[in-house]
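Structure first, commentary second.
Numbering of residues begins at 1 and proceeds along the displayed sequence.
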Amino acid sequence: MLFTFQLKTPAQGLMNITPEVEEAIKESGVLEGICVIFCPHTTAAITINENADPDVKSDFIKGMDRFFPDLREFQHCEGNSDAHIKSSAVGASETVIIKGGRPLLGTWQDIYFCEFDGPRNRKFYVKVM
Ligand code: ZN
């Protein structure tokens, strides 16, 4: 089953989408399987990271800005090449194992939608198999 979720994003940031993924798995009725979380945007991404200390999310964005700065020599007319690079570096999807009708995540893990060029209205897909 394929599920589509909408979200409004800030300028940059990580949004916890684990509840939406859990909801999709529950609604699908799949107890043992795989789910794919996919971002259909070129300046956003999907990742799995720590859910305990909220500073990890802001440090993640600071680190991305440091490693992928907005360089003067970029020529892309939209002026957001740094966001395109961050999107590809993090990746458009994550695959999660479903066990007992729940995503099999580590204690400190959650699933995040990463915005690198907001604020925008975004969406992501969850395919449960
Ligand atoms: Zn662009």
Report yes if the side chains of [X] and [Y] come closer than 4.5 Å at any heavy-atom pair, otherwise no.
{"X": "C39", "Y": "Y125", "value": "no"}
{"X": "I34", "Y": "V96", "value": "no"}
{"X": "E27", "Y": "V128", "value": "no"}
{"X": "P40", "Y": "K123", "value": "yes"}

Inset, instruction - Report yes or no: do L31 and M1 belong to one cluster of Ile/Leu/Val/Met/Phe/Trp/Tyr joined by side chain heavy-atom distances under 4.5 Å? - result: no

Legend entry - Shared hydrophobic cluster, V30 / I17 (ILVMFWY, side-chain heavy atoms < 4.5 Å): yes

Can you see which heavy atom on [X] is nearest to which on [Y], and at what distance?
{"X": "V126", "Y": "A24", "answer": "CG1-CB, 3.8 Å"}
{"X": "P10", "Y": "E115", "answer": "O-CG, 3.2 Å"}
{"X": "S87", "Y": "A45", "answer": "O-CB, 3.9 Å"}
{"X": "D55", "Y": "S58", "answer": "O-OG, 3.1 Å"}
{"X": "I48", "Y": "I111", "answer": "CG1-CG1, 4.2 Å"}
{"X": "M129", "Y": "I98", "answer": "O-CD1, 4.4 Å"}

When rounded to the nearest 0.5 angstrom, what distance separates [atom1] in [X] from [atom2] in [Y]?
{"X": "M15", "Y": "L7", "atom1": "CE", "atom2": "CG", "result": "6.0 Å"}
{"X": "S81", "Y": "L71", "atom1": "OG", "atom2": "CG", "result": "9.0 Å"}
{"X": "T47", "Y": "K57", "atom1": "OG1", "atom2": "NZ", "result": "13.0 Å"}
{"X": "L105", "Y": "E22", "atom1": "CG", "atom2": "CD", "result": "7.5 Å"}
{"X": "F3", "Y": "I25", "atom1": "CZ", "atom2": "CD1", "result": "9.0 Å"}
{"X": "I46", "Y": "S93", "atom1": "CD1", "atom2": "OG", "result": "8.0 Å"}

Inset, instruction - Taking H41 for its side chain and R122 for its backbone only, find out whether a donor-acceptor pair lies under 3.5 Å. - result: no

Inset, instruction - May I ask you to decide if E23's main-chain N or O and E20's side chain share a donor-acceptor pair within less than 3.5 Å? - result: no

Legend entry - side chain to side chain contact (heavy atoms under 4.5 Å, CB included) partner of Y112, the single match among V56, T18, N51: N51

Legend entry - From T9, V90, N80, residue fulfilling side chain to side chain contact (heavy atoms under 4.5 Å, CB included) relative to F116: V90

Inset, instruction - Please lay out, stage by stage, how Q109 and E50 fare under the test side-chain contact (heavy atoms from CB on, under 4.5 Å). - result: CA-CA 5 Å; Q109 288 182 320; E50 181 176 318; over 6 Å; no

Inset, instruction - Taking atom CD1 of I97 as the centre, report whether more than 12 heavy atoms of other residues, nucleotides or ligands fall under 6.0 Å from it. - result: no

Inset, instruction - Answer yes or no: does atom CZ of F74 have more than 12 heavy-atom neighbours from other residues, nucleotides or ligands under 6.0 Å? - result: yes

Inset, instruction - Check the pair E78 / H84 against side-chain contact (heavy atoms from CB on, under 4.5 Å), numbers first and verdict last. - result: CA-CA 10 Å; E78 207 182 5; H84 287 294; 3.8 Å; yes

Legend entry - Residue among F38, F124, F113 satisfying ring-ring contact (aromatic ring centres under 6.0 Å, His included) with F5: F124

Inset, instruction - Could you tell me whether K99 and E32 make a salt bridge, using a distance below 4.0 angstrom between a side-chain N and a carboxylate O? - result: no

Legend entry - Under-4.0 Å salt bridge between K86 and D117: no

